[in-house]
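To start, the structure itself, in C-alpha cells.
For this chain, numbers begin at 1 and follow the sequence in order. Computation of the quantities below employed the complete heavy-atom set of this structure, encompassing side-chain atoms and omitting hydrogens, waters and symmetry-equivalent molecules.
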Amino acid sequence: MTLQAGALVTSKWLAEAMKVQKKMRILDTSWYLPKLRRNAKSEFKKRHITGAAFFDIDQCCDKTSPLDHMLPSERVFADYVGNLGIESDTHVVVYDASDFGAFSAPRVWWMFRVFGHSAVSLLNGGLRNWELEEQPMSDRYVRPTQTDFKSSLNRSWIKTYEDILDNLETKRFQVVDARPAGRFRGLDPEPRDNTEPGHIPGSISIPFHSFLSKSGHFLPKEQLQALFAQSGVDLSRPVCVSCGSAVTACHVALAAHECGHPGVSVYDGGWSEWFTRAVPEHVISEGRGKHL
C-alpha cells in the first residue's frame, strides 16, 4: 500500500505510512552551526524516529571544495544514498531535530530533488513535534542493505558565483537571502571566521524562520504567498536563493515550491563564497563591509 504525499507530510501521515508503506526511508538530516555545540550524529544515536537512518551533509558533499557541504557529484550522491538503502522508487522522508522545527532538512529535501528524485517529503514540524505527539522513537539502528540509486543532476537549479555576478547586470532572476536580517544588513556577526556580514547587491531579505510558525511548522500556502508578495518577490519570475552556505536557503525553495513555483535555483556557495570572492563594492553592508 502507498499513501499519497506532497512536499510536506504530517506526523500522523508518517506514523501511518510506517505501518503500511514498504518502499519508504526516513532520514534524520540534522546539522548545526558549530557555535551551537550540538553533535547531530551523537544525538541521532541516542534518539531518532524509529527506523530512521542518518544523512550527513558534511559527508555527502564535494570534499574537494574549500566551502562547507557543497553539492557532490552525481556518483557520490548515488553511492551515498544507495548505502542508506534508498532506490529510485523509494519514498524518502526527511526531518531534523532543530528547535526551529526545520533547519537542515529542507537542504536535503532539495538535494534529492536536484539529483532527480522527486519522491521526497519533509516531516512538517520536525522531530520537535513528532516527540510532542508521542510518536515512536528509538535508539536502535539497523544498517540498511546497500542498493542501486540512479541520480541525474538538474544543473539549471544551481547557480555559481559567476551566475550571480552576471545577474547584477542582467537581472534575469531575483535573489532571496534567507539569513537573519541582522547578518543581511551587516550589523550582526557571521558564524564563520574571516567573513563579515552584508548582502549581495539587489538581493531581498526573507529570514528562513519567517516561513515557519511558532510551533515549527511551515506556514499555510496562503501565508507563504503573502510573505513573498510583501517582501517584493514575484513568484512568476525566476528565483535564486542564498544564505551562508546554502542550507537554510532551501526553506525558501520549499516554500516557493508549495506556492507552485516550478523550480527555485540555489546559490550553492552562498555568502561564504560571495564575501570571499566579491569586490568590496559588491558587499552591501551597514557595518564594516569588506576592505582589501
Side-chain angles (χ1 to χ4, degrees), residues 3-21 23-33 36 38-60 69 77 80-81 83-86 90-115 117-142 144 178 208-209 211-219 243 246-255 257-258:
L3 299 179
Q4 295 300 310
L8 296 172
V9 296
T10 64
S11 294
K12 182 180 179 181
W13 182 95
L14 181 57
E16 183 62 27
M18 288 166 67
K19 300 173 187 174
V20 301
Q21 200 143 315
K23 298 286 294 225
M24 184 177 75
R25 197 77 176 116
I26 304 169
L27 300 178
D28 183 325
T29 65
S30 300
W31 175 87
Y32 306 104
L33 289 165
L36 294 179
R38 288 182 66 175
N39 187 313
K41 198 160 191 178
S42 294
E43 290 183 18
F44 169 81
K45 290 176 180 177
K46 293 175 184 175
R47 67 191 234 292
H48 52 261
I49 294 176
T50 302
F54 187 75
F55 187 108
D56 190 341
I57 63 172
D58 283 332
Q59 291 299 316
C60 185
H69 40 252
F77 186 81
Y80 187 90
V81 168
N83 283 332
L84 294 176
I86 296 169
T90 302
H91 190 115
V92 178
V93 178
V94 298
Y95 74 91
D96 64 55
S98 77
D99 295 335
F100 289 105
F103 187 74
S104 50
R107 165 72 177 186
V108 180
W109 171 86
W110 179 79
M111 286 177 71
F112 272 95
R113 287 178 54 80
V114 81
F115 280 107
H117 191 82
S118 60
V120 57
S121 303
L122 180 137
L123 175 61
N124 202 6
L127 190 67
R128 166 184 163 184
N129 284 280
W130 180 265
E131 288 187 295
L132 282 174
E133 296 178 31
E134 299 182 341
Q135 299 289 6
M137 299 281 292
S138 177
D139 61 358
R140 184 168 175 265
Y141 176 63
V142 177
F208 75 91
H209 57 79
F211 297 98
L212 303 172
S213 67
K214 290 182 179 179
S215 66
H217 297 87
F218 270 83
L219 297 174
C243 62
V247 175
T248 58
C250 297
H251 285 68
V252 191
L254 197 156
H257 173 84
E258 284 294 282

Under the side chain to side chain contact (heavy atoms under 4.5 Å, CB included) rule, collect the residues that match up with [X], sequence neighbours excluded.
{"X": "His209", "result": "Phe100, Pro207"}
{"X": "Arg25", "result": "Leu27, Ala53, Ile86, Thr90, Pro144"}
{"X": "Asn83", "result": "Gln146"}

Which distance, rounded to the nearest 0.5 Å, do you find between the [atom1] of [X] and the [atom2] of [Y]?
{"X": "Arg140", "Y": "Thr50", "atom1": "CZ", "atom2": "OG1", "value": "10.0 Å"}
{"X": "Leu123", "Y": "Thr10", "atom1": "CG", "atom2": "OG1", "value": "8.0 Å"}
{"X": "Phe55", "Y": "Met111", "atom1": "CZ", "atom2": "CE", "value": "4.0 Å"}

Closest approach of [X] to [Y] (non-hydrogen atoms, all atoms of both residues):
{"X": "Ala5", "Y": "Val9", "value": "CB-CG1, 3.6 Å"}
{"X": "Arg128", "Y": "Asp99", "value": "NH1-O, 2.7 Å"}
{"X": "Arg38", "Y": "Glu43", "value": "NH2-OE1, 2.8 Å"}
{"X": "His69", "Y": "Arg107", "value": "O-NH2, 3.1 Å"}

Verify side-chain contact (heavy atoms from CB on, under 4.5 Å) between Trp130 and Leu14, making sure each step is shown before the conclusion. CA-CA 10 Å; Trp130 180 265; Leu14 181 57; 3.7 Å; yes

Just do the side-chain contact (heavy atoms from CB on, under 4.5 Å) check on Tyr95 and Leu122 with the steps written out, would you? CA-CA 6 Å; Tyr95 74 91; Leu122 180 137; over 6 Å; no

Quiz: residues 246-255 side-chain donor-acceptor pairs under 3.5 angstrom, not counting sequence neighbours:
unit_1 : atom_1 : unit_2 : atom_2 : d
His251 : ND1    : Thr248 : O      : 3.2
His251 : NE2    : Ala102 : O      : 2.9

Sorted by chain and residue number, the ring pair (Phe, Tyr, Trp, His ring centres under 6.0 Å) partners of Trp109 (sequence neighbours excluded) come out as His257

Residues in ring pair (Phe, Tyr, Trp, His ring centres under 6.0 Å) with Tyr141, at least two apart? Phe44

Between [X] and [Y] (side chain of the first, backbone of the second, donor and acceptor by atom type, cut-off under 3.5 Å), is there such a pair?
{"X": "Asn124", "Y": "His217", "answer": "no"}
{"X": "Ser121", "Y": "Leu8", "answer": "no"}
{"X": "Ser30", "Y": "Ala97", "answer": "yes"}

Would you indicate whether the side-chain heavy atoms of [Y] and [X] approach each other to under 4.5 Å?
{"X": "Leu36", "Y": "Phe103", "result": "no"}
{"X": "Gln135", "Y": "Met18", "result": "no"}
{"X": "Lys46", "Y": "Asp139", "result": "no"}
{"X": "Leu127", "Y": "Ile49", "result": "yes"}

Starting from the C-alpha separation in whole Å, work towards a yes-or-no answer on side-chain contact (heavy atoms from CB on, under 4.5 Å) for Arg113 and Val120. CA-CA 7 Å; Arg113 287 178 54 80; Val120 57; 3.7 Å; yes

Passes side-chain contact (heavy atoms from CB on, under 4.5 Å), Trp31 versus Val108? Steps please. CA-CA 11 Å; Trp31 175 87; Val108 180; over 6 Å; no

Should we say atom NZ of Lys41 is surrounded by more than 12 heavy atoms from elsewhere, each under 6.0 Å from it? no

